[in-house]
Undergrad: 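Below: one structure in structure tokens.
Since this is a predicted model, take the numbers as computed values, not measurements. Whatever order the structure lists them in is the order used to number ligands and atoms, beginning at 1.
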Amino acid sequence: MCGIVGYVGPQQAQDVVIEGLRRLEYRGYDSAGVALVVAAETGGSVVTAKKAGKLANLEKVLADDPLPASTTGIGHTRWATHGPPTDVNAHPHHGNAHRVALVHNGIIENFADLRARLEADDHVLVSETDSEVVAHLVELQVQSGESLTVAMQRVCQRLEGAFTLVAIDAEDPDRVVAARRNSPLVVGVGEGEYFLGSDVAAFISHTREAIELGQDQVITISRTGVDITDFHGHPAEGRRFHVDWDLSAAEKDGHDWFMRKEIFEQPRAVADSLLGRRTRDGLLQLDEMRLSDEEIRDVSKMIIIACGTSFFAGMVAKYAIEHWTRIPVEVELASEFRYRDPILDHSTLVVAISQSGETADTLQAIRHARTQRSKVLAICNTNGSTIPRESDAVIYTHAGPEIGVASTKGFLTQLIACYLLALYVAQVKGTRFDDEINEVMAQLEAMPDHIESVLGDCEQVYELAREHLDTRSVLFLGRHAGFPVALEGALKLKELAYLHAEGFAAGELKHGPIALIEEGLPVLCIVPPRGRDQLHEKMISGIQEVRARGARTICLAEAGDTRIEPYADVLIRLPKVPTLLQPLVAIVPLQLFACELASALGHDVDQPRNLAKSVTVE
Ligand code: F6R
């Protein structure tokens, strides 16, 4: 989950690379580094600067001690796997002769063996990383007379694991060579200049024309074009695409944090995710779906696999899918899925939810499902990423880039995609009448306005957050579709404010966790709308139980719900929406609460400690 950048063209490579790294810093911020090829006339060498900590540390080093001018360069921002975040372990790494510089994202699984062989041949490896080994191997190849491209191909054939690699050679100043297996890499196509990046944010200020690379490919960029091969040198092709968002989408737009900006973008993100989903005669259509009606009719079970916030979206989806389609749904953490030998066959539809499309646990789970002949449908926000590419079908969420490490608009748009999937399957299988589907679609289409109205009340939530600066523990309670919202609210608080926070199903409290309740403990309660079975009344009983034991109850309840008033120490009003859709509005105050509390505590909201945006290691 490191960020990788490469550049060849007329501009100063250091500037382009540092700008790219700034936009990719959300992928990892343990250290950063840059390497440039200084052309033969001035000596023909590779120069490098790298520094532990955030990119700002590297920028300071470069300001104090600038690198020579160069128009070919690579850069890296690291999320540490092998070896702690130190200057020495920072990328780029070099071979013994300092001729090749290389950056790497992923894990080389056979690095220990390769390292032992290099050391037996008197190579001195200075870092604890798996990546440095690859720099040595590539350098050995170019020293033997191979071009950097062939060197990369040969070395990739020997590597096991997941990797994106980008390298430069001091004696070949006009090209940058990269390779990928199970790890992201996209190419930016400019006028007489080419870019490499872990995602398009790295070069979006220069070009919106891009190429997505396939699995096990090597790419060479120069001023005159790109050349793509497989690991054996056979010609290969990438897929050209146009990036449909621009630079302003990747900037903060006047907000203090990307996360806050992304929370406020949610009405638009939800609206965009609903766009174009209906034909003229009102039927649902999912363009990228790629599953035939017959395949959908054959589905007898669904298994949703995901991690973190995406997993909680999957938990909400279970309620909607089972209710509207009558198909049984299991929801499973991707990291656990394949280790329990799940029962899968051709009639099981596996739904993989991933904002980034690169989460290694989810990727491995879908690969396992496909070996068992199950169809895989991805719900994903990132065009060109690995998970949709390796799935049979995809629903894109159209949230735009999510830069804040904590997922917000990613979650809401995943919920929208799950509702659309459920309704589409209901339409194909005929488990809901068209007018019922139209009614839910109309309710979904009203959601952007409802979310806007919740955002309009943000000051009440901010004030509440600032009252909790000394709080060490917060509980969240929910029932039914509100239970995953409680879990997601707690996750946001843990990851941003570093507080003990736990979400519970309200009915489960009396079976143990109620012992946690003590005088003044804040308990955030997501109160279900009235009218669905006994849910509302049962929730009120749970709230009374914790309040009787001293908890301070902060209740999120729909407009007009007066029954809750006597039991709420603080009442946050939500718009009146159906029970199944309530997560779309109920999560928003919890996101605002976590963002504001973390900010008031002085934490880095966009880059919380120990985390990275896209987790490409298992
Ligand atoms: C929490 C968060 C993570 C991700 C998880 C899965 O705010 O962002 O829990 O949801 O790492 O990531 P994706 O959805 O990219 O697979």
Undergrad: Where does the angle between the aromatic ring planes of His468 and Phe593 fall among parallel (under 30°), tilted (30 to 60°) and perpendicular (over 60°)?
TA: perpendicular

Undergrad: For ligand 1, which atoms, with element, lie under 4.0 Å from some heavy atom of Ser310?
TA: 10 (O), 13 (P), 14 (O)

Undergrad: Could you tell me whether some N/O pair between Thr362 and ligand 1 is separated by less than 3.5 angstrom?
TA: no

Undergrad: Is it true that Glu488 and Thr309 share a donor-acceptor pair across their side chains at a distance under 3.5 Å?
TA: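 Distance-only check passes for Thr309 and Glu488.
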
Undergrad: Quickly, which of Ile304, Ile353, Ile303 forms a side chain to side chain contact (heavy atoms under 4.5 Å, CB included) with Val331? Name it, please.
TA: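 That would be Ile304.
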
Undergrad: Quick one: sort the Phe264 and His255 rings into parallel, tilted or perpendicular, breaks at 30° and 60°.
TA: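 The rings of Phe264 and His255 lie parallel, inter-plane angle below 30°.
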
Undergrad: Look at atom 11 (O) of ligand 1 and say which protein heavy atom is nearest, naming residue and atom and giving the distance to 0.1 Å.
TA: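 That would be Val615 CG2, 4.2 Å.
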
Undergrad: Does ligand 1 have an atom under 4.0 Å from some heavy atom of Glu358?
TA: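 The answer is no, since Glu358 has no heavy atom less than 4.0 Å from ligand 1.
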
Undergrad: Could you tell me the residue and atom name of the protein heavy atom closest to atom 2 (C) of ligand 1, and the distance to it rounded to 0.1 Å?
TA: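 Checking every protein heavy atom, the shortest distance to atom 2 (C) of ligand 1 gives Thr309 OG1, 3.7 Å.
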
Undergrad: Tell me whether Glu358 is salt-bridged to Arg180, with the criterion being a basic N under 4.0 Å from an acidic carboxylate O.
TA: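 A salt bridge is absent here (no side-chain N lies under 4.0 Å from a carboxylate O).
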
Undergrad: Check if Val405 has a non-hydrogen atom at a distance under 4.0 Å from any atom of ligand 1.
TA: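 Yes, Val405 has a heavy atom closer than 4.0 Å to ligand 1.
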
Undergrad: What is the closest protein heavy atom to atom 12 (O) of ligand 1, and at what distance does it sit?
TA: Thr359 OG1, 3.5 Å

Undergrad: I need the nearest protein heavy-atom contact for atom 7 (O) of ligand 1: residue, atom name and distance, please.
TA: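 Result: Glu495 OE2, 2.6 Å.
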
Undergrad: Find all atoms of ligand 1 within a distance of less than 4.0 Å from any non-hydrogen atom belonging to Ala406, and give their numbers and elements.
TA: 7 (O)

Undergrad: Closer than 4.0 angstrom, basic N to acidic O: yes or no for Lys54 and Glu25?
TA: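 Judged by the 4.0 Å cut-off on N to carboxylate O distance, Lys54 and Glu25 do not form a salt bridge.
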
Undergrad: What protein heavy atom lies closest to atom 6 (C) of ligand 1? Include the residue and the distance to one decimal.
TA: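 Protein heavy atom at minimum distance: Cys307 O, 3.3 Å.
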
Undergrad: Between Glu322 and Lys318, is the closest basic N to carboxylate O distance under 4.0 Å?
TA: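 Salt bridge flag = yes for Glu322 with Lys318.
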
